[in-house]
Amino acid sequence: MELGGSYLTAKHRLQTNSRSIRRMSESVRTRFAPSPTGFLHVGTARTALYSYLFARRNGGQFVLRIEDTDTGRNVADSAAGIVDGLRWLGLDWDEGYLKGGPQGPYVQTERLDRYHAAVNALVAHGDAYLCYCTNEELEQRRQAAQAAGRPPGYDGHCRQLRPAQVRAYEAEGRKPAVRFRLPDKGETVVEDLIRGTVPFDNATLTDFVILRANGIPTYHFSAVYDDVDMGITHVIRGEDLFPSTPKHVHVFRALGRPTPPAFAHLPLIVGADRRKLSKRRDKVSVQQFRDEGYLPEAMVNYLALLGWSLDDHTELFSLADLERVFSLERVSRNPAAFDIKKLDALNGHYLRQLPPASFAARAWPFVEAAAFPQADQDLLARAAPLVQERVNHLTEVAGMVGFLFTDQVELDQAAAAKVLTDDGRAFLAEAAARLDKTDPWTAAGIEATLRGLQTERGLKPKTAFQPVRLAVTGRLVSPPLFESMELLGKPRCLARLDRAASASG
RNA sequence: GCCCCCAUCGUCUAGUGGCCUAGGACACCACCCUUUCAAGGUGGCGACGCGGAUUCGAACUCCGCUGGGGGCACCA
């Protein structure tokens with residue numbers, strides 16, 4: 001069978017252009033198809049978010065499929081990390097892994113029979129052929145081609161093997177892989193919702209393996225097969241897959257789907273160095289952000305803005321907001337640098353916006369982890385309004401409220417040297433005496449007492465209050481002083497004032 | 001080496017021929033508020049990579065250059 005020539009004539013292109021219009025009436029189905037790496041990568045998470053949002057926005061379904069065909073790299077139960085991250089972000093899927101559905105199973109290594117049947121059919125039709133080349137031979141020829149200035153792709157060595165050669169290879173004990181046959185001439189047009197129409201010269205495309213010698217398909221086959229089988233209408237994925245798309249277009253056609261799904265290739269997320277996010281250089285795990293005190297609300301909002309915008313001024317979006325306004329048309333085409341400062345600002349915003357009780361509940365695990373002797377959830381709840389607007393991460397809370405949960409407060413030495421002068425200690429002693437008579441023990445009462453003393457002594461507020469702050473909290477930077485003292489309680493405050501007042505300078 | 005994508009403040013972006021002396025956000029700086037630190041408020045710094053072409057008029061269209069990124073596996 002002759003496969004040369006252009007697959008897409010002008011007439012075909014017209015048809016594909018009208019495709020997007022027809023699709024509007026079909027039910028949208030998107031999928032998120034990660035390989036199980038043990039954790040959810042932020043770039044992958046954004047892809048999941050956009051796929052989820054597009055499905056929701058269009059009243060469609062969102063499918064979760066696990067692509068574990070790289071068996072050497074799979075770690076036991078590593079899909080759990082992906083699921084964990086998705087759930088934390090609030091991205092629920094309609095069918096797929098762990099949920100089942102009509103097109104299951106949704107784990108690729110559990111679908112091997114289907115792939116084998118499909119590959120056999122492709123071979124029978126001449127769309128694919130057995131390849132007996134070994135890795136060594138392939139590598140050798142690749143290098144030779146490179147050296148000679150030719151493209152490094154497959155050279156078509158096994159395209160037309162004679163029966164005698166096949167028998168000889170089999171006699172050697174070689175196990176064949178299966179390669180997909182690509183046309184040598186013409187062009188393949190990729191229609192992309194974000195990048196537009198991009199023609200690829202078929203001469204630059206080379207036959208690729210779809211079924212390994214070990215019987216497991218490669219990504220380029222299983223992903224396409226499953227997208228057909230699962231009725232995926234929109235393939236939303238990272239731009240790194242864009243160069244593979246013309247190959248996929250041919251597989252779609254060979255599998256009986258002449259018009260492939262709509263493609264949307266998202267710009268890559270890069271690090272501060274402008275390069276693809278790297279596990280080594282960058283913080284890339286969504287779970288790591290969670291563990292470092294980021295809110296899923298902030299993460300979702302930030303990821304949504306990394307490569308997409310609604311207009312020239314709206315920046316704050318809840319997941320529910322996004323489900324109503326997201327569109328692929330407004331996705332940017334240039335790579336976006338991950339800016340932790342902006343994430344921090346967003347996180348601070350969402351932290352401040354939380355009802356105090358909810359803030360306390362979310363902060364509690366972090367405070368608990370700090371293992372204070374007198375950690376107290378109720379006290380944390382009362383302190384919440386004081387610390388809420390002062391932190392950008394939940395991890396900062398413990399350091400800020402620690403003085404409430406232990407009586408072993410250590411005074412910052414440098415600060416003590418600066419502030420606990422003779423005058424400072426004298427002020428503390430007198431403050432303790434007057435505070436002893438302050439009743440009721442409220443922030444207002446405490447403030448009245450201390451301001452009275454400060455005015456009497458003719459001191460500047462800062463000069464008077466910083467020693468008190470240090471005595472009570474151990475630091476020069478703390479939540480508001482009077483409110484903190486109210487929360488701490490009179491006996492503990494007085495003990496701390498006395499101790500600092502009598503501390504040897 | 002070959003193929004593809006991209007190009008507005010440091011960063012994320014708005015902008016689809018005149019509404020642009022280019023808007024917003026983060027960051028940064030200053031001031032205000034203030035018991036510290038924050039938060040908040042006000043103001044400031046700060047960009048259309050370069051060269052051609054089209055046009056009465058280009059950030060916006062076309063070409064070239066430069067720069068950046070991605071891909072070329074029996075990885076995904």
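Keep in mind that what you see is a predicted model, and the values were worked out from it rather than measured. Chain letters run A, B, ... following the sequence lines, proteins first and then strands; every chain starts at 1.
A:Asp207 has its CG atom 11 Å from the P atom of B:C74, to the nearest Å. For the pair A:Asp273 CG and B:U11 P, the interatomic distance rounds to 13 Å; values are reported in whole Å. With rounding to whole Å, A:Asp312 atom CG is found 11 Å from B:G23 atom P. Remark: P of B:G69 and CD1 of A:Ile269 are 17 Å apart, rounded to the nearest angstrom. Between the OH atom of A:Tyr154 and the C1' atom of B:C3 there is a distance of 21 Å, given to the nearest Å. Atom NE2 in A:His349 sits about 13 Å away from atom P in B:A39, given to the nearest Å. The distance between atom CD of A:Glu67 and atom P of B:C75, rounded to the nearest whole Å, is 14 Å. In this structure, A:Phe359 atom CZ and B:A38 atom P are separated by 16 Å, rounded to whole Å.
Nucleotides B:C32 and B:G69 place their P atoms 45 Å apart, quoted to the nearest Å. Nucleotides B:A7 and B:C48 place their C1' atoms 10 Å apart, quoted to the nearest Å. Rounded to the nearest Å, the gap between the C1' atom of B:A47 and that of B:G15 is 13 Å. If you take atom P in B:G44 and the same atom in B:U55, they sit 40 Å apart, rounded to whole Å. When the C1' atom is used for both B:U8 and B:A58, the distance is 14 Å, rounded to whole Å. Between the P atoms of B:G64 and B:G23, the separation comes to 32 Å (whole Å).
Side-chain atoms of A:Glu389 and base atoms of B:G40 include no donor and acceptor less than 3.5 Å apart. The base of B:A76 sits with one of its N or O atoms less than 3.5 Å from a complementary donor or acceptor on the side chain of A:His220.
Contact between the side-chain N/O atoms of A:Ser35 and the OP1/OP2 oxygens of B:C75 is not found at any separation under 4.0 Å. Between A:Arg333 and B:C6, a side-chain N or O to OP1/OP2 separation shorter than 4.0 Å is present. Look at A:Arg352 and you'll find a side-chain N or O under 4.0 angstrom from OP1 or OP2 of B:G40. OP1 or OP2 of B:U8 sits under 4.0 Å from a side-chain N or O of A:Asn334. Considering only side-chain N and O atoms, A:Arg275 lies nowhere under 4.0 angstrom from the phosphate OP1 or OP2 of B:G68. Dashed line: the shortest gap from a side-chain N or O of A:Arg390 to OP1 or OP2 of B:G40 is not under 4.0 Å. Residue A:Lys341 has no polar side-chain atom (N or O) positioned under 4.0 Å from OP1 or OP2 of B:C28.
Between A:Phe326 and A:Tyr50, the two ring planes are tilted [angle within 30° to 60°]. Aromatic ring pairs are classed by plane angle as parallel below 30°, tilted from 30° to 60° and perpendicular above 60°; the pair A:Tyr294 and A:Phe289 is perpendicular. The aromatic rings of A:His248 and A:His220 sit tilted relative to each other, their planes meeting at an angle between 30° and 60°.
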*Yes or no on side chain to side chain contact (heavy atoms under 4.5 Å, CB included) for A:Thr463 and A:Gln454, after CA distance, side-chain angles and deciding distance?*
CA-CA 9 Å; A:Thr463 313; A:Gln454 168 239 321; over 6 Å; no

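A:Tyr169 is linked by a ring-ring contact (aromatic ring centres under 6.0 Å, His included) to A:Tyr132, counting only residues two or more places apart in sequence or in another chain.
Using a 4.0 Å heavy-atom distance criterion, A:Phe482 is classed as a base contact.
The listed nucleotides are B:C12, B:U11, B:C5; the one nearest the side chain of A:Phe242 is B:C5.
Between A:Arg390 and A:Glu396 there is no salt bridge, since no side-chain nitrogen of the basic residue lies less than 4.0 Å from a carboxylate oxygen of the acidic one. Using a 4.0 Å cut-off between charged nitrogen and carboxylate oxygen, A:Arg174 and A:Glu170 do not count as a salt-bridge pair.
The nearest heavy atom of RNA chain B to A:Val477 and to A:Phe200 marks one nucleotide each, and the one closer to the 5' end goes with A:Phe200. With RNA chain B read from its 5' end, the first of the two nearest nucleotides for A:Ala177 and A:Val198 is the one closest to A:Val198.
A 3.5 Å limit on both hydrogen-bonding distances identifies B:C65 as the Watson-Crick or G-U partner of B:G49.
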